[in-house]
Amino acid sequence: MKPQYVPFRLLADQALLDHLPRGIPEHATIEDDLARAQAGWRGEQELAFRLSMFPDESVRIFYDLGLSTLHNTFQIDAFLLTQRFAACLEAKNYSGTLTFLPDGQLIRTLGNRREGLRNPLIQVQRHVSLLTHWIAARQFPKLAVKPRVAIANNATMIENPSHLQNVATCVTHAEQIPSHISRLIQELPQQLTSEKLLQIEQQLLAAHADSVPNVFAQFKIDPQTVRRGVRCPRCKGYTMKRAFATWHCVQCGATDRTAHIPMILDYFLLFGPTMTNEQCRWFLKVEDRKLIRNLLIKMNFNPVGKGTGQGLYYERPAHKIYHDYYVSNKNRNEPWNHKYPVITSSIRKS
């Protein structure tokens, strides 16, 4: 099993917007990408909500599973594994009327507007092909891998005027996915022993790799242009100074004991999977090396590397830590719209 977390794409887009100077031309492009990421996240949440009510606990569910095979890296919104079959699920938060055409085109009609969209069937069938190869390459028994496209919005109409079999079989609303899975469980014979099922599950989890976008390269932004310092949760200025174990905003007078936490998490979203003490001081605009070391220790960071000084660095926290912190944190008002209970973060606030 692999839980569902707030997508790194969404977190990285928001971090970049927070740290960019106001008024630069790239703002609109990043905001559009963030809006698409938020819409996709809501679709994935709807699918997860439907699957959370699925009664069969023998079905293993892996959300946002990132794998590599045949020199291809791919990420599956939801992957289901059973002793009888596997399924690749692609969630889409489309509205309006979707018309699937024989040539592979997908046309959306919304009001008086018609536009072409990327056909999610092509994407999910690619995932099926790659996942099938991934399983075979590890010499596991042959297992049927079924594609499904889950349309999150129940009001969205799905039109299949040419009665295409793959559309009729594979495209449905998210609320119908549990019944699709139940039918497959009833119809298909057992292919895996419980031991083989566990082996595949363990190897999937071991092979998973998080995908964090390089937003500087994606949006062609110079990393040196970002706003640095500790951001005030009240006025949003990067104007906080540390005194007596508390951050004080010199602009609005607000105080906060943990304002450094989102800044340090943002560093890993923006600059990559590792950070040194020197890099942290540069980003937070803090000169005290010992202070940074103590703040990182209180956040449960453990240095890795060799030596006691410049050879040490810190690694990006697990995806779960980002999820728990940003979903539960009241200082940031991003619309994560999470529907499920939040687990207490392993980042210790002090």
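This chain uses plain numbering: 1 for the first residue, then up along the sequence.
- When atom types are taken as modelled, the side chain of Asp77 and the backbone of Ala91 share a donor-acceptor pair closer than 3.5 angstrom.
- Between Leu295 and Ile261, the closest side-chain pair of non-hydrogen atoms is not below 4.5 Å.
- Counting heavy atoms from C-beta outward, Arg138 and Gln203 have side chains that approach closer than 4.5 Å.
- In this structure, the side chain of Asp222 does not engage the main chain of Thr225 through any donor-acceptor pair within 3.5 Å.
- Taking the six-membered ring where tryptophan is involved, the planes of His260 and Trp247 are tilted, since the angle between them lies from 30° to 60°.
- Considering all non-hydrogen atoms of both residues, Gly96 and Leu110 come closest at CA-CD1, 3.7 Å.
- At distances below 3.5 Å, not a single donor-acceptor pair connects side-chain atoms of Gln202 with backbone N or O atoms of Gln199.
- A heavy-atom distance below 4.5 Å is not found between the side chains of Ile177 and Arg50.
- Cys280 SG to Met275 CE: the interatomic distance, rounded to the nearest 0.5 Å, is 4.0 Å.
- Considering only heavy atoms from C-beta on, Val230 stays 4.5 Å or farther from Asp256 through its side chain.
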Problem set entry | Candidate pair Ser182 and Gln186, rule side chain to side chain donor-acceptor pair (under 3.5 Å), full reasoning | CA-CA 6 Å; Ser182 294; Gln186 294 172 2; 5.8 Å; no
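- Lys241 contributes no side-chain N or O that, together with a main-chain N or O of His248, makes up a donor-acceptor pair within less than 3.5 Å.
- Although no hydrogens or angles enter the test, the distance criterion places no donor-acceptor pair under 3.5 Å between the side chain of Asn93 and the main chain of Ala152.
- Put simply, the side chain of His323 gets close to the backbone of Val6: a donor and an acceptor are under 3.5 Å apart.
- The backbone N or O of Lys196 lies less than 3.5 Å from a partner atom in the side chain of Thr193, making a donor-acceptor pair.
- Within the 4.5 Å cutoff, the side chain of Arg9 has heavy atoms near those of the Asp33 side chain.
- For Phe271 and Trp282, the ring centers sit closer than 6.0 Å to each other.
- Leu192 and Thr82 get closest at one heavy-atom pair: CD1-O, 3.8 Å.
- Using a cutoff of 4.0 Å between basic side-chain nitrogens and carboxylate oxygens, Glu46 and Arg42 are not scored as salt-bridged.
- In terms of heavy-atom proximity, Ile107 sits nearest to Leu101 at CG1-CD1, 3.9 Å.
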For this session: Carefully, step by step, assess Gln251 and Thr239 under the rule side chain to side chain donor-acceptor pair (under 3.5 Å).
Result: CA-CA 6 Å; Gln251 183 167 288; Thr239 50; 4.5 Å; no
Exercise. Side chain to side chain contact (heavy atoms under 4.5 Å, CB included) between Trp134 and Leu70: does it pass, once the steps are laid out?
Worked result: CA-CA 8 Å; Trp134 188 94; Leu70 295 174; over 6 Å; no
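- Rounding to the nearest 0.5 Å places CD of Gln4 at 10.0 Å from OG of Ser52.
- Annotation: side chain of Leu80 is in contact with side chain of Ile181 (closest heavy-atom distance under 4.5 Å).
- Think of Ile122 as one node in a network of Ile, Leu, Val, Met, Phe, Trp and Tyr side chains linked at under 4.5 Å; it has no links at all.
- For CD of Glu195, the number of neighbouring non-hydrogen atoms (other residues, nucleotides, ligands) closer than 6.0 Å is 12 at most.
- Nearest heavy-atom pair across Arg293 and Tyr314 is CG-OH, 4.2 Å.
- Surrounding CE of Met1 are more than 12 heavy atoms belonging to other residues, nucleotides or ligands, all under 6.0 Å away.
- With Val215 as reference, Leu270 is the one residue of Leu17, Ile30, Leu270, Leu269 to meet the side-chain contact (heavy atoms from CB on, under 4.5 Å) rule.
- Checked by atom type and distance alone, the side chain of His180 never pairs as donor or acceptor with a backbone atom of Cys170 at under 3.5 Å.
- Counting heavy atoms from C-beta outward, Gln191 and Pro141 have side chains that stay 4.5 Å or more apart.
- Considering OG of Ser95 and CZ of Arg108, their distance stands at 5.0 Å, rounded to 0.5 Å.
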Problem set entry | CA sep, side-chain torsions, deciding dist, call: Gln105, Asp103, side chain to side chain donor-acceptor pair (under 3.5 Å) | CA-CA 6 Å; Gln105 288 190 80; Asp103 61 1; 2.7 Å; yes
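- More than 12 heavy-atom neighbours from other residues, nucleotides or ligands sit within 6.0 angstrom of CZ on Arg126.
- Counting only distance, with no hydrogens or angles, the side chain of Arg60 and the backbone of Ser58 share a donor-acceptor pair below 3.5 Å.
- At most 12 heavy atoms of other shown residues, nucleotides or ligands fall within 6.0 angstrom of atom NZ in Lys146.
- Atom CD1 of Ile151 sits about 7.0 Å away from atom OH of Tyr94, to the nearest 0.5 Å.
- Distance check, rounded to the nearest 0.5 Å: CG of Leu34 to CG of Leu16 gives 10.0 Å.
- Aromatic pair His19/Phe283: ring centres closer than 6.0 Å.
- Around the CD atom of Glu159, the shell of radius 6.0 Å holds more than 12 heavy atoms that belong to other residues, nucleotides or ligands.
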For this session: For side chain to side chain donor-acceptor pair (under 3.5 Å), just list the numbers for Ser162 and Asn160, CA-CA rounded to whole Å, side-chain angles, deciding distance to a tenth of an Å, and then say yes or no.
Result: CA-CA 6 Å; Ser162 299; Asn160 182 15; 5.8 Å; no
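- Phe268 and Phe301 have parallel rings, their planes meeting at less than 30° on a 0 to 90° scale where 60° marks the start of perpendicular.
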Problem set entry | side chain to side chain contact (heavy atoms under 4.5 Å, CB included) between Ile76 and Phe74, worked out | CA-CA 7 Å; Ile76 305 170; Phe74 59 105; 3.8 Å; yes
For this session: Verify side chain to side chain contact (heavy atoms under 4.5 Å, CB included) between Asp64 and Glu44, making sure each step is shown before the conclusion.
Result: CA-CA 9 Å; Asp64 300 315; Glu44 292 172 27; 3.3 Å; yes
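- The backbone N or O of Thr156 lies less than 3.5 Å from a partner atom in the side chain of His173, making a donor-acceptor pair.
- The two residues Arg234 and Cys252 make their nearest non-hydrogen contact at NH1-O, 3.3 Å.
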Exercise. Between Leu81 and Leu204, does a side chain to side chain contact (heavy atoms under 4.5 Å, CB included) hold up when you go through it step by step?
Worked result: CA-CA 10 Å; Leu81 179 65; Leu204 285 170; 4.3 Å; yes
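- A salt bridge links Asp324 and Lys320; the closest N-O separation between the charged side-chain nitrogens and carboxylate oxygens is under 4.0 Å.
- Ring pair Phe79/Phe62 is tilted by interplanar angle, where 30° to 60° counts as tilted.
- Contact annotation: the side chain of Pro317 approaches that of Leu265 to within less than 4.5 Å [non-hydrogen atoms, C-beta and beyond].
- Salt-bridge annotation for Asp18 and Arg227: absent, with no side-chain N of the basic residue lying under 4.0 Å from a carboxylate O of the acidic one.
- Side-chain contact, Gln165 with Thr169: a donor N or O sits under 3.5 Å from an acceptor N or O.
- Across all their heavy atoms, Cys232 and Ala254 have their closest contact at SG-CB, 3.8 Å.
- Ring pair Phe8/Tyr322: centre-to-centre distance below 6.0 Å.
- Rounded to the nearest 0.5 Å, atoms NZ (Lys142) and CD1 (Ile135) are 11.5 Å apart.
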